[in-house]
2 protein chains.
Amino acid sequence: MGHKGDALRQRIVASADQLFYQQGYENTSFSDIAEDVGISRGNFYYHFKTKDEILNAVIDTRVTDIEQMLKEWSKQYTDPRERIELYIDILTSHQDNITSHGCPIGSLCTELAKLSHVMLHDANKMFSAQRDWLTMQLRELGLGKEARQVAMHLLARTQGIATIANAFEDKTFLRQEVKHLKQWLGSL
Amino acid sequence: MGHKGDALRQRIVASADQLFYQQGYENTSFSDIAEDVGISRGNFYYHFKTKDEILNAVIDTRVTDIEQMLKEWSKQYTDPRERIELYIDILTSHQDNITSHGCPIGSLCTELAKLSHVMLHDANKMFSAQRDWLTMQLRELGLGKEARQVAMHLLARTQGIATIANAFEDKTFLRQEVKHLKQWLGSL
DNA sequence: GTCTATATACGGATAGAC
DNA sequence: GTCTATCCGTATATAGAC
């Protein structure tokens, strides 16, 4: 380890993350990433020995970033309802990317499941980090044992919206469903 | 055309369909399909010239099958609520496949979107056939202009359930959400 | 129609010069 | 550390024998 401070490594991970999201994991080659970063294929292998290794770095970075963001929200906002609304609003603020490429987390998990890739179990940590945070917010909102189940429900709702908005390339549908989702939140 | 009666061709399409579902489109090679059908690669190319051609056949067959099934349901059942319940029950009856490989339609659309594949527009007909049928059922149920929007909502709900059940390989969650979905249907 | 080569391209991964 | 050159496997697709 001790790689965290390596700027080039971070640039590679950022490029890989974007390309995996836009083109898919399998469909993205080392050449694609190397070209995007501006280094040669050979140099690339100095930083990452295998494709799985970079996938692992991409997932790890995303999990960390998600946890960081949610922790920040918990610090900056006191109302759990407001926090969840912020969470739902990600759909709207990323509507262009979502209609073009789907949800970066959902689509990666879907692909890894097809590849029977062992790293699916690491990838779904990107989901469970959200699930656990949402569960906490729902508990603060007064929900009891059912909080976790409701959190999973919300997770699924956002995934469904992303999948359909992507399949139909339909931003209007996405915004409609976000409105619907906020009404649902208000009814809790 | 005139290919419809060709038994071997149908077997190839059925194999391709299954393999695309289980392994993904890109990750499935001609060798995989040929081996599964029990023919040589060379023979394969006699029936389908390109990979896109077989993808097209797979999608066409699925669209036809979906329309056929829904038309059958409309014939055999009179209560629109019962029909929609039947639709929701697909999730339960396919729970093993869904937790292992996701929704065959949603995951294919997700993959084609990543590949910027032109056939995404054909693939989402698998969805719109369902949307249109659901819209009709909801109209019979007494809904007005909002019927189509509610149909899209239901579509998204099922997709979200499939994506999350797949990512977590969680059948229990799937069944929970199906129950939830039926409560929602009852409240319409 | 079905088969066995085979052409060609590209993928991941390595070796070794600088 | 970064590069070029290369190995090797596999993929799509074609040619041509039977």
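Throughout, a chain's letter reflects where its sequence line sits, starting with A, and its residues are numbered from 1. The model shown is predicted, which means the values in this text are computed figures rather than measured ones.
No side-chain heavy atom of L112(A) sits less than 4.5 Å from a side-chain heavy atom of V118(A). Side-chain contact check for Q95(B) versus R175(B): some heavy-atom pair is nearer than 4.5 Å. Within the 4.5 Å cutoff, the side chain of K125(B) has no heavy atoms near those of the I59(B) side chain.
Between R62(A) and D65(A), no side-chain nitrogen of the basic residue sits less than 4.0 Å from a carboxylate oxygen of the acidic one, so the salt-bridge criterion is not met. Under 4.0 Å is where a charged nitrogen must lie from a carboxylate oxygen, and between R83(A) and E140(A) at least one such pair does.
Separating the CG atom of L19(A) from the C1' atom of dG11(C) is a distance of 16 Å, rounded to the nearest angstrom. As a whole-Å value, the separation of I12(B) CD1 from dG1(C) C1' is 11 Å. Straight-line distance from the OH atom of Y46(A) to the C1' atom of dG12(C): 20 Å, rounded to whole Å. Taking atom OH of residue Y45(A) and atom C1' of nucleotide dC7(D), one finds them 12 Å apart after rounding to whole Å. Following rounding to the nearest Å, Q23(A) (CD) and dC10(C) (C1') show an atom-to-atom distance of 15 Å. Per the geometry, CZ belonging to R9(A) stands 15 Å off C1' belonging to dG1(D), to the nearest Å. The nearest whole Å value for the distance from the CG atom in D32(B) to the P atom in dA11(D) is 7 Å.
Hydrophobic clustering (side-chain heavy atoms under 4.5 Å, transitive across Ile, Leu, Val, Met, Phe, Trp, Tyr) groups I66(B) together with L155(B).
Against DNA chain D, the stretch residues 48-55 of chain B makes heavy-atom approaches under 4.0 Å through T50(B), K51(B). Near-neighbour residues of DNA chain D inside residues 33-43 of chain A, defined by a heavy atom below 4.0 Å, number-ordered: I39(A), S40(A), G42(A), N43(A).
Geometrically, K114(A) does not engage Y25(B) in a cation-pi contact defined by less than 6.0 Å to the ring centre and at most 45° from the axis.
Five base pairs at each end of the helix from dG1(C)-dC18(D) to dC18(C)-dG1(D) define two local axes, and these are offset by 10° (rounded to 10°).
Counting non-hydrogen atoms of other residues, nucleotides and ligands closer than 6.0 Å to CZ of R148(B) gives a total of 12 or fewer. The 12-atom threshold is not exceeded at NZ of K179(B), counting heavy atoms of other residues, nucleotides or ligands nearer than 6.0 Å.
F30(B) comes within contact range of the sugar-phosphate backbone alone, with a heavy-atom separation under 4.0 Å but no base atom that close.
Using cut-offs of 30° and 60° on the angle between ring planes, the pair F30(A) and F44(A) is tilted.
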Please determine whether side chain to side chain contact (heavy atoms under 4.5 Å, CB included) holds for the pair Q130(A) and I105(A), giving the CA-CA distance in whole Å, both sets of side-chain angles, and the decisive distance to 0.1 Å. CA-CA 11 Å; Q130(A) 297 177 34; I105(A) 300 168; 3.1 Å; yes
